[in-house]
Amino acid sequence: MKLEVLVVPVSDVDRAKAFYESIGFRMDIDYVGDNDFRVVQFTPPGSECSIIVGAGITTAAPGSCDGLQLVVADIEAARAELVERGIEVSEVFHDVGGVFHHAGSEGRASGPDPERSDYGSFVSFSDPDGNGWLIQEITTRLPGR
């Protein structure tokens, strides 16, 4: 099985569409159906998994996704690109306790992982509805990935 699509609940489809296009996600489809039904699918650069925003596609509250995660080889370059695109993004951080991160900002230490360990450095940002995204730096994957 492969994870193919994640539904991201939003309140304003056009605003979400503009946001995800502005951060470089490729728009795959913008389908408008009957009765205010709309599906807009985006794929992040280099990803095989897409996201869908829209109207009439989920009962989840707009902004209720947290911890959506993207992976890059260079966390500082990814942050700089988002800043260039006008996105409010956190400073680079790592978790004081190890590889992953705690929810919210608990356990965050400023700067990349001191050893630049794979899976150890992050930045975070949110879409206009507050759906929370993390970008994690990985240069060498664990075996089996």
Side-chain angles (χ1 to χ4, degrees), residues 1-113 116-139 141-142 145:
M1 287 185 232
K2 288 173 51 175
L3 182 60
E4 186 76 17
V5 176
L6 297 172
V7 175
V8 178
V10 299
S11 60
D12 182 322
V13 180
D14 288 321
R15 181 179 69 173
K17 179 180 174 183
F19 176 81
Y20 287 107
E21 287 178 319
S22 79
I23 64 173
F25 284 24
R26 180 190 72 227
M27 188 185 68
D28 302 319
I29 189 170
D30 185 347
Y31 172 79
V32 179
D34 296 334
N35 302 321
D36 297 322
F37 180 77
R38 184 170 175 194
V39 176
V40 185
Q41 181 171 315
F42 294 96
T43 303
S47 181
E48 292 187 33
C49 184
S50 300
I51 66 165
I52 289 178
V53 300
I57 61 170
T58 182
T59 58
S64 62
C65 284
D66 188 33
L68 298 164
Q69 195 155 323
L70 301 166
V71 172
V72 297
D74 184 334
I75 196 74
E76 289 159 332
R79 183 184 185 283
E81 182 179 341
L82 287 175
V83 169
E84 269 182 34
R85 293 172 179 266
I87 304 304
E88 187 176 318
V89 60
S90 75
E91 295 297 324
V92 175
F93 66 91
H94 64 280
D95 191 86
V96 295
V99 172
F100 207 62
H101 61 86
H102 291 77
S105 59
E106 179 183 334
R108 284 188 184 183
S110 184
D113 177 74
R116 284 315 272 264
S117 301
D118 284 319
Y119 302 89
S121 300
F122 303 86
V123 296
S124 62
F125 67 95
S126 296
D127 75 6
D129 281 291
N131 291 300
W133 289 87
L134 291 159
I135 301 177
Q136 181 181 41
E137 183 177 73
I138 303 173
T139 57
R141 289 216 169 258
L142 294 173
R145 291 289 313 245

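This is a predicted model, so every value here is computed, not measured. Quick note: numbers below take in every heavy atom, side chains included, and nothing from hydrogens, waters or symmetry partners.
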Student: To the nearest 0.5 Å, what is the distance between CD on E76 and CD on E137?
Tutor: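 If I round to the nearest 0.5 Å, the distance is 7.0 Å.
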Student: Would you say the side chain of F42 lies within less than 4.5 Å of the side chain of K17, judging by non-hydrogen atoms?
Tutor: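 With C-beta onward as the side chain, the pair touches.
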Student: Search all heavy atoms of I51 against all heavy atoms of V5 and return the closest pair with its distance.
Tutor: C-CG1, 4.4 Å
Student: State the CD-CD1 distance between E81 and I87, to the nearest 0.5 angstrom.
Tutor: 10.5 Å
Student: State the CG-CG distance between D129 and D12, to the nearest 0.5 angstrom.
Tutor: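 Nearest 0.5 Å value for the CG-CG distance: 7.5 Å.
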Student: Can you see which heavy atom on Q41 is nearest to which on S50, and at what distance?
Tutor: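 In this case the closest contact between Q41 and S50 is NE2-OG, 3.3 Å.
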Student: May I have all residue pairs that pass ring-ring contact (aromatic ring centres under 6.0 Å, His included) and include part of residues 46-97, sequence neighbours excluded?
Tutor: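 For residues 46-97, and leaving out neighbouring residues, the ring-ring contact (aromatic ring centres under 6.0 Å, His included) pairs sorted by first residue read F93-F122.
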Student: Is a side-chain donor or acceptor of N131 paired with a backbone partner of P9 at a separation under 3.5 angstrom?
Tutor: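 Flag set: sc N131 to bb P9 pair under 3.5 Å.
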Student: Quick one: pull up OG in S124 and CH2 in W133 and give me the separation to the nearest 0.5 Å.
Tutor: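 So the OG of S124 and the CH2 of W133 are separated by 13.0 Å.
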Student: Any donor and acceptor pair, going by atom type alone, linking the side chain of R26 with main-chain N or O of P45 inside 3.5 Å?
Tutor: no
Student: Salt bridge or not for D30 and R38, using N-O below 4.0 Å?
Tutor: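 Looking at D30 and R38, the cut-off is met.
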Student: Donor-acceptor pair, distance only, cut-off 3.5 Å: does the side chain of S47 make one with the backbone of P44?
Tutor: no
Student: With a 4.5 Å limit on heavy-atom distance, are the side chains of F19 and V10 in contact?
Tutor: no
Student: What closest approach, in Å, do R85 and E21 show between heavy atoms, and which atom pair accounts for it?
Tutor: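 That closest heavy-atom pairing would be NH1-O, 4.3 Å.
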Student: Verify side chain to side chain donor-acceptor pair (under 3.5 Å) between D113 and S121, making sure each step is shown before the conclusion.
Tutor: CA-CA 5 Å; D113 177 74; S121 300; 5.5 Å; no
Student: I need the minimum non-hydrogen distance between S90 and R108, along with the two atoms involved.
Tutor: CB-NH1, 4.5 Å
Student: Does any N or O in the side chain of Q136 come within less than 3.5 Å of the main-chain N or O of Y119, such that one atom is a donor and the other an acceptor?
Tutor: yes
Student: Taking all non-hydrogen atoms of both residues, which atom of V123 and which atom of I75 are closest, and how far apart?
Tutor: N-CD1, 3.8 Å
Student: Is the closest side-chain heavy-atom distance between F25 and L70 below 4.5 Å?
Tutor: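 When only atoms from C-beta onward are counted, L70 and F25 do touch, with a gap below 4.5 Å.
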Student: Might you point out which heavy atoms bring G132 and S126 nearest each other, and give the distance in Å?
Tutor: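 Nearest pair, atom of G132 first, then S126: CA-OG, 4.0 Å.
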Student: Classify the ring geometry of Y31 against F37: parallel below 30°, tilted from 30° to 60°, perpendicular beyond 60°.
Tutor: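 Perpendicular: the ring planes of Y31 and F37 meet at over 60°.
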Student: Using side-chain heavy atoms (C-beta onward) and a distance below 4.5 Å, is I135 in contact with L82?
Tutor: yes
